[in-house]
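To start, the structure under review is shown below, and the notes come after it.
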Amino acid sequence: MNIAAATHVSEELLTLFSDAQNAASHHRGGAAMLDSVLSSDEPESFLRNAIARNEVWIAETDRGLVGFALCRNHLIEAVYVDKTSRRQGIATQLVTALMHATTQPHDAYALPGDRATKSFFESLGWKARLLTMRDA
């Protein structure tokens with residue numbers, strides 16, 4: 001497996017990014033998080049700008065691109081692995097690579113009720129420390 005900073009926007013990355021957006025939008029708080037992360041940018045433009053700032057990391061196997069992580073301002077805003085490639089340590093390798101990058105993350109998003117993401121970060125030794133409340 002190869003973990004590296006993304007260098008360009010590929011169709012595979014756009015597809016994974018779309019899948020991640022779709023998954024997040026089905027979680028409580030997902031739409032609000034997506035609005036704050038994406039602002040008004042189209043996905044391709046957003047990714048192109050994030051890649052130019054070394055904020056997107058990708059995981060590739062012999063099957064192609066299988067996952068990505070988005071880390072901006074020391075905050076992991078997304079870690080996503082294709083459904084067929086999960087439970088193989090790919091997300092762990094992505095976060096480990098981020099922890100060794102120049103701008104190490106200090107925080108990560110986990111949506112309300114998304115126990116899998118919370119458990120994932122806890123398995124890496126991270127602790128939940130903030131709950132943001134928002135007017136409905």
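Computation of the quantities below employed the complete heavy-atom set of this structure, encompassing side-chain atoms and omitting hydrogens, waters and symmetry-equivalent molecules. None of the values given here were measured: they were computed from a predicted structure.
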Identify, with sequence neighbours excluded, every residue that meets side-chain contact (heavy atoms from CB on, under 4.5 Å) alongside [X].
| X | value |
| --- | --- |
| T84 | R63, D82 |
| R115 | K118, S119, E122 |
| N54 | A5 |

Has the side chain of [X] got a donor or acceptor atom that lies under 3.5 Å from a matching backbone atom of [Y]?
| X | Y | result |
| --- | --- | --- |
| N22 | S18 | no |
| T15 | E11 | yes |
| S85 | V81 | no |

*Is any side-chain heavy atom of P105 less than 4.5 Å from a side-chain heavy atom of M99?*
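Yes, close enough: below the 4.5 Å cut-off.
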*Is there any ring pair (Phe, Tyr, Trp, His ring centres under 6.0 Å) pair reaching into residues 96-120, and which pairs are they, with sequence neighbours excluded?*
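Listed once each, the pairs are H74-H106.
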Show the nearest heavy-atom pair for residues [X] and [Y], with the distance to one decimal.
| X | Y | result |
| --- | --- | --- |
| A110 | T117 | CB-CG2, 3.8 Å |
| V79 | L94 | CG1-CD1, 4.5 Å |
| A97 | I3 | CB-CG2, 3.5 Å |
| L14 | V9 | CG-CG1, 3.7 Å |
| L65 | S10 | CD2-OG, 4.3 Å |

Reported [atom1]-to-[atom2] distance for the pair [X] and [Y], which is rounded to 0.5 angstrom:
| X | Y | atom1 | atom2 | value |
| --- | --- | --- | --- | --- |
| T61 | I90 | OG1 | CD1 | 6.5 Å |
| L13 | R48 | CG | CZ | 11.5 Å |
| T92 | F121 | OG1 | CZ | 9.5 Å |
| L98 | I76 | CG | CD1 | 5.0 Å |

_Contacts of type salt bridge (Lys or Arg N to Asp or Glu O under 4.0 Å), residue R53, not counting sequence neighbours_ =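 Only E55 meet the salt bridge (Lys or Arg N to Asp or Glu O under 4.0 Å) criterion with R53.
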*Using the ring of each side chain (for Trp, its six-membered ring), is F68 parallel, tilted or perpendicular to F17, with breaks at 30° and 60°?*
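It falls in the tilted class, 30° to 60°.
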Are [X] and [Y] grouped together when hydrophobic residues (ILVMFWY) are joined by side-chain heavy atoms under 4.5 angstrom apart?
| X | Y | value |
| --- | --- | --- |
| L47 | L70 | yes |
| Y80 | L75 | yes |
| V95 | M1 | yes |

*Restricting to pairs with a member in residues 18-28, which pass salt bridge (charged side-chain N to carboxylate O under 4.0 Å, His left out), not counting sequence neighbours?*
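Salt bridge (charged side-chain N to carboxylate O under 4.0 Å, His left out) check on residues 18-28 returns no pairs.
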